[in-house]
Amino acid sequence: QVQLVESGGGLVQPGGSLRLSCAASGSIFVINDMNWYRQAPEKQRELVAAITSAGTINYADSVKGRFTASRDNAKNTVYLQMDSLKPEDTAVYYCNAHVILYSGTMMTTWGQGSQVTVSS
């Protein structure tokens, strides 16, 4: 009934750019905050960017100045523009959203994950 679909991952050389998208669908009445996480093999999942419904964005120190998150409320979609990519950015990236359904129920949902590989 609620789904987040990610797209835009891939292979890029160091210094290159990628743009991830995450679209929410289903019986959603309101989307509150949306977030981007990433997880590299054998490492903990890391919060990359947090986006509130008001548009406030907080970034992890490791990506500040290189990544830009944005939100299109009309499309129920959040984006992550990744520039100046480094090999250490290699990970599976997950979007996350806190939503309110038409029933009034609050839910947390996750995207399927997008592989981002930065390598020469």
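Nothing here was measured: the structure is a model prediction, and the numbers come from that model. The chain is numbered in sequence order, starting from 1.
With rounding to the nearest 0.5 angstrom, the OG atom of S114 is 10.0 Å from the CG atom of L80. Residue Y93 holds its OH atom at 7.5 Å from CG of L20, rounded to the nearest 0.5 Å. In this structure, the separation between SG on C22 and CG on N76 is 10.0 Å, given to the nearest 0.5 Å. In this structure, OG1 in T52 is found 8.0 Å from CG in N58, a value given to the nearest 0.5 Å.
Under the 4.5 Å side-chain contact rule for hydrophobic residues, V78 and V92 do not share a cluster. One hydrophobic cluster, built from ILVMFWY side chains closer than 4.5 Å, holds both I28 and M107. Both I57 and F67 belong to a single network of hydrophobic side chains, linked directly or stepwise wherever heavy atoms of I, L, V, M, F, W or Y lie under 4.5 Å apart. The cluster map of Ile, Leu, Val, Met, Phe, Trp and Tyr, joined by side-chain heavy atoms under 4.5 Å apart, puts M106 and Y102 in the same cluster. Hydrophobic clustering, with ILVMFWY side chains joined whenever heavy atoms are under 4.5 angstrom apart, groups V63 together with I51.
The aromatic ring centres of Y94 and Y37 sit 6.0 Å or more apart.
Judged by a 6.0 Å distance limit and a 45° cone about the ring axis, R71 is not positioned over the six-membered ring of W36.
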Trace of the side-chain contact (heavy atoms from CB on, under 4.5 Å) decision for T68 with Y79: CA-CA 8 Å; T68 304; Y79 306 93; over 6 Å; no
Could you walk me through whether N73 and I31 pass the side-chain contact (heavy atoms from CB on, under 4.5 Å) check? CA-CA 8 Å; N73 290 329; I31 300 177; over 6 Å; no
Using the rule given for side-chain contact (heavy atoms from CB on, under 4.5 Å), can you reason through T117 versus V12, listing the C-alpha separation, both sets of side-chain angles and the distance that settles it, and then say yes or no? CA-CA 6 Å; T117 302; V12 66; over 6 Å; no
Check the pair N35 / L47 against side-chain contact (heavy atoms from CB on, under 4.5 Å), numbers first and verdict last. CA-CA 8 Å; N35 312 288; L47 177 62; 4.0 Å; yes
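A side-chain donor-acceptor contact under 3.5 Å links S62 and R38. No donor-acceptor contact under 3.5 angstrom links the side chains of T90 and E88, judged on distance only. Side-chain polar atoms of S17 and D83 form a donor-acceptor pair below 3.5 angstrom. In this structure, a donor-acceptor pair under 3.5 Å is present between the side chains of T105 and S103.
Within the 4.5 Å cutoff, side-chain heavy atoms of P87 are placed close to those of P14. By the 4.5 Å heavy-atom criterion applied to side chains, V30 and V99 are not counted as neighbours. Looking at R66 and D89, their side chains come closer than 4.5 Å, going by heavy atoms from C-beta outward. Looking at N96 and W110, their side chains come closer than 4.5 Å, going by heavy atoms from C-beta outward. Counting heavy atoms from C-beta on, the side chains of L18 and V116 come closer than 4.5 Å.
The backbone N or O of A69 lies less than 3.5 Å from a partner atom in the side chain of Y59, making a donor-acceptor pair. Distance alone, capped at 3.5 Å, places no donor-acceptor pair between the T56 side chain and the A54 backbone. Side-chain atoms of E6 come within 3.5 Å of backbone atoms of C95 as a donor-acceptor pair (strictly under, hydrogens ignored).
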